[in-house]
Amino acid sequence: MTNWKKLTCTLQELRLDVALVCGQSFRWKEIKPGVFRSVLAGGVWTLTQTNEGDVLYEVNRPETPKHKLSNKCRVTTHATTKTKFQLTDEDILKDYFQLNTSLKDLYDQWSKADSNFSKIASKFVGVRTLRIDPTENLISFICSSNNNISRITGMVEAMCTNYGDMLMEMDGEKWYSFPDAACLTGPDVETKLRKLGFGYRAGYISSSADFIMQNGGTEWVKSLRNVTYAEAKESLLKLKGVGPKVADCVCLFSLDKTEAIPVDTHVWQITARDYMPKLTKTKSLTAKVYQEIGNCYRQLFGQYAGWAHSVLFSADLRKFKELQEKQHEPGLEIKREHGSTTEKQKNRKRQARKLVKTEKEVAKRIKTEIE
DNA sequence: ACACGACCTTCCGC
DNA sequence: AGCGGAAGGTCGT
């Protein structure tokens, strides 16, 4: 039924099942085991990967042009959509995964520089930094502050269903584009977002959308790709609800700033444990400590330190612990022979089940609220 | 510069 | 049953 197209790839260059759901983008859904779906560049993309590493993909686009779809908000499309060099689907995919940069070469370089990385990397290949639409990424990460993953995912989805364009229905589910910043301006946006459960982030989003529109819209955010890391970060920090961490997420996942290191509580812990033991004494994540942590990784890994950070961060996520063990940790089988699994393993499995459960519930609840 | 506390909301553990 | 603490921070003092 599905008509896959193939993009030649290897697992060393890309592990779809990790890269899509390790907290860079909040929009990929695993619709079947190993099959992922999301909206990209105005189309609905379905992706999976063969055992050899080739990426299989299918794109579905709405029949009607975008500007006719929505009565919520009309945006005059830029002339840029009419360039004479039309991007192919493969171009779009290669750009999203930044496949022109060899991840294997980088892994080799980082492994040589750091034995801890080397140990992790051998069991955790293909963790690739994505190149996400800048404004989508920015708004999404404003939602992330002092918040948990399942709720963030639900909020981003609510954002799309309430302010985006419905592109099409597939397998009984409607797929929406991420809203343009123009759709998020106006006096009633904050109130509505609050009603949708965004909390105090409603004001941040409304204010930031206004700021973006006053500075040239989404094209302005995108244009930060053409300035230095320091300049891009400085600009982003002007937006309400954007602090150093969110700014670095946008720099790294959207603006080609490969040396940006987003430091959240999680990265702070990892760094204290594996790289800077003195940090265990620090009480809070001050600007100075934030800078020190970034510098530590940049010194160790070089220009692509942010990409290396993505590997270390993902490898430490609870939901990937089992993946690592199953594949490469012989200790697991030995423990099983002794009868029961350890408490730690049981806890992890329980947590993983909960994660899946809550994500589903949140999505369902938000859907019913809208109707 | 740095340390606090407040902030929406949800979920989890006791 | 109900309350405290944390969740991929940021803002204001």
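Fair warning: this is a prediction, and the values are worked out from it, not measured in the lab. Order of the sequence lines sets the chain letters (A, B, ...), proteins ahead of strands, with each chain counted from 1.
- Residue Phe198(A) contributes atom CZ, which lies 12 Å from atom P of dT10(B) at whole-angstrom precision.
- Every ring-ring contact (aromatic ring centres under 6.0 Å, His included) that Tyr107(A) has, sequence neighbours left out, goes to Trp110(A), Phe117(A).
- Put simply, CG on Asp264(A) is 16 Å from P on dA6(C), counting in whole angstrom units.
- Within the 4.0 angstrom heavy-atom criterion, base atoms lie near Phe313(A).
- Asp89(A) and Lys94(A) are not joined by a salt bridge, as no carboxylate oxygen comes within less than 4.0 angstrom of a charged side-chain nitrogen.
- Distance check on atom P: dC8(B) versus dT13(C) gives 15 Å, rounded to whole Å.
- Across all strands shown, dC12(B) forms a Watson-Crick or G-U wobble pair, both distances under 3.5 Å, with dG4(C).
- At distances below 3.5 Å, at least one donor-acceptor pair connects side-chain atoms of Asp91(A) with backbone N or O atoms of Thr88(A).
- Taking atom NE2 of residue His266(A) and atom P of nucleotide dA7(C), one finds them 10 Å apart after rounding to whole Å.
- In terms of heavy atoms, Arg128(A) sits closest to Ala19(A) at O-CB, 3.9 Å.
- For dG9(C), the base has a donor-acceptor partner in the side chain of Tyr200(A) [N/O atoms by modelled type, under 3.5 angstrom].
- Atoms NZ (Lys195(A)) and C1' (dT9(B)) sit 17 Å apart, rounded to a whole Å.
- dA1(B) and dG9(C): their P atoms are spaced 23 Å apart (whole Å).
- Rounded to the nearest 0.5 Å, atoms OG1 (Thr185(A)) and CE (Met213(A)) are 6.5 Å apart.
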Give every pair of a protein N or O atom and an N or O atom of nucleotides 11-13 of chain C that lie under 3.5 Å apart, one pair per line with the distance.
| from | atom 1 | to | atom 2 | distance (Å) |
| --- | --- | --- | --- | --- |
| dC11(C) | OP1 | Gly241(A) | N | 3.0 |

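- We find that CZ of Phe253(A) is positioned 14 Å from P of dG8(C), with the value rounded to whole Å.
- For an aromatic pair to be called close, the ring centres must be under 6.0 Å apart, and Tyr176(A) with Tyr163(A) fails this.
- Residue side chain Arg151(A) reaches the base of dT9(B) through a donor-acceptor N/O pair under 3.5 Å, judged by distance alone.
- Spacing between atom CG of Asn146(A) and atom P of dT9(B) amounts to 13 Å, rounded to whole angstrom units.
- Only the P atoms considered, dG5(C) is 13 Å distant from dG5(B), to the nearest whole Å.
- Rounded to whole Å, the P atom of dG8(C) lies 22 Å from the corresponding atom of dA6(B).
- Partner of Glu157(A) under the salt bridge (Lys or Arg N to Asp or Glu O under 4.0 Å) criterion, out of Arg27(A), Lys29(A), Arg151(A): Lys29(A) alone.
- Here the P atom of nucleotide dA7(C) and the CG atom of Leu285(A) are 13 Å apart, to the nearest Å.
- Closest to the side chain of Lys245(A), out of dC8(B), dA3(B), dG9(C), is dG9(C).
- Taking the charged nitrogens against the carboxylate oxygens, Glu90(A) and Lys6(A) have no contact shorter than 4.0 Å, which rules out a salt bridge.
- Between the OH atom of Tyr290(A) and the P atom of dC2(B) there is a distance of 15 Å, given to the nearest Å.
- Within 4.0 Å (heavy atoms only), Cys143(A) reaches no atom of the nucleic acid at all.
- Phosphate proximity of dG8(C) to Thr265(A): absent, as no side-chain N or O sits under 4.0 Å from OP1 or OP2.
- Residue contacts shown for Arg194(A) are limited to sugar-phosphate atoms, with no base heavy atom under 4.0 Å away.
- Of the candidates dG8(C), dG9(C), dA3(B), the closest approach to any side-chain atom of Thr286(A) belongs to dA3(B).
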